[in-house]
Amino acid sequence: DNSRERANGLGGTGVVVDGCDVCAVHEGVGEAGGGAGNGGGPTLVEVKFTRYFGHFEGDAQTYRAPGEVQKLRDEKDCLKHFETRVVRAEALTSADLRAVDAQVKSLIDDAVAQAKAAPVPDAADLLTDVYVSYP
């Protein structure tokens, strides 16, 4: 059951990629963009991935088997797979990846601190950039 098949009806092509494989996603999106850039038309890229979290905050996920999410995290985590792949290929070291993680964490921490320190927006800005007007 793939959404990519719908692309044919829209005059394009579709590809399915494993969302747990960073390199597969990069390749699939790169090929789609390259095809479009060379006049090949649009490509729908369907990324198959299983989410770890429920449908809403507080979702007890009673529809999942006990231990299912932990098994997914252990066996399918895209970042773990990426690290294994690039370290094995000697493209990066685990220390290189930890340094990137630290930089990203710092950027996020700075952005959160900046957002918390920002003034509360005016009520007039509440509907700014909202595209639906209700009567």
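Counting from 1, the numbers follow the sequence of the chain as shown. Just so it is clear, the model here is predicted, and its values are computed rather than measured. Because only heavy atoms are used, hydrogens play no part in the values below, and waters and symmetry mates are left out as well, while side chains stay in.
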**Request:** Work out which heavy atom in G19 is nearest to a heavy atom in C78; give both atom names and the distance.
**Result:**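 In this case the closest contact between G19 and C78 is O-CB, 4.1 Å.
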
**Request:** Could you tell me which non-hydrogen atom of G54 sits nearest to which non-hydrogen atom of Q61, and how far apart they are?
**Result:**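 Nearest heavy atoms, G54 then Q61: N-NE2, 3.2 Å.
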
Under 3.5 Å donor-acceptor pairs involving side-chain atoms of residues 110-121, not counting sequence neighbours:
none

**Request:** Tell me whether V100 is reachable from V87 by hopping between hydrophobic residues (I, L, V, M, F, W, Y) whose side-chain heavy atoms are closer than 4.5 Å.
**Result:**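 No, V87 and V100 fall in different hydrophobic clusters.
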
**Item:** side-chain contact (heavy atoms from CB on, under 4.5 Å) between R73 and V69, worked out
**Value:** CA-CA 6 Å; R73 287 181 182 273; V69 173; 3.9 Å; yes

Residues two or more places apart in sequence or in another chain: which of them pass side chain to side chain contact (heavy atoms under 4.5 Å, CB included) with [X]?
X   : answer
V47 : V17, V25, V45
E68 : R64, A65, L72
T84 : R88

Hey, is the main chain of [Y] close enough, under 3.5 Å, to the side chain of [X] for a donor-acceptor pair?
X    : Y    : answer
D77  : K80  : yes
S106 : Q103 : no
D21  : A24  : yes

Among residues at least two apart in sequence or on other chains, which ones pass side-chain hydrogen bond (donor to acceptor under 3.5 Å, both in side chains) with [X]?
X   : answer
D59 : Y63
T93 : D96
K71 : none
D74 : Q70

**Asked** At what distance, to the nearest 0.5 angstrom, does SG of C20 lie from CD of E75?
**Response**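 C20 SG to E75 CD: 10.5 Å, rounded to 0.5 Å.
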
**Request:** With rounding to the nearest 0.5 Å, note down the distance linking NZ in K76 to OH in Y52.
**Result:**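 Atom-to-atom, K76:NZ and Y52:OH are 10.0 Å apart.
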
**Asked** Considering only heavy atoms from C-beta outward, does the side chain of D18 approach that of F49 to under 4.5 Å?
**Response**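 When only atoms from C-beta onward are counted, F49 and D18 do not touch, as no gap falls below 4.5 Å.
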
**Prompt:** Less than 4.0 Å between a side-chain N and a carboxylate O, is that true for D109 and K105?
**Reply:**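 Looking at D109 together with K105, the answer is yes, because their closest N to O distance falls below 4.0 Å.
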
**Message:** Starting from L107 and following side-chain heavy-atom contacts under 4.5 Å between hydrophobic residues (I, L, V, M, F, W, Y), which residues can be reached?
**Reply:**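 When side chains under 4.5 Å apart are linked, L107 ends up in no cluster with other residues.
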
**Co-members of the apolar cluster containing F56 [side chain, <4.5 Å]** =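 Besides F56, the cluster holds no residue at all.
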
**Message:** Go through it in stages, so that I can follow the logic: the residues are V104 and D101, the test is side-chain contact (heavy atoms from CB on, under 4.5 Å), and I'd like the CA-CA distance, side-chain angles, deciding distance and then a yes or no.
**Reply:** CA-CA 5 Å; V104 169; D101 288 345; 5.8 Å; no

**Prompt:** Does anything in residues 44-56 pair up under salt bridge (Lys or Arg N to Asp or Glu O under 4.0 Å), and if so which pairs, sequence neighbours excluded?
**Reply:**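 Applying salt bridge (Lys or Arg N to Asp or Glu O under 4.0 Å) to every pair that reaches into residues 44-56, excluding sequence neighbours, yields E46-K48.
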
**Request:** Tell me, with the steps shown, if L44 and T13 meet side-chain contact (heavy atoms from CB on, under 4.5 Å).
**Result:** CA-CA 6 Å; L44 185 144; T13 58; over 6 Å; no

**Request:** May I have all residue pairs that pass side chain to side chain donor-acceptor pair (under 3.5 Å) and include part of residues 27-37, sequence neighbours excluded?
**Result:**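 Output for this query is empty, none listed.
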
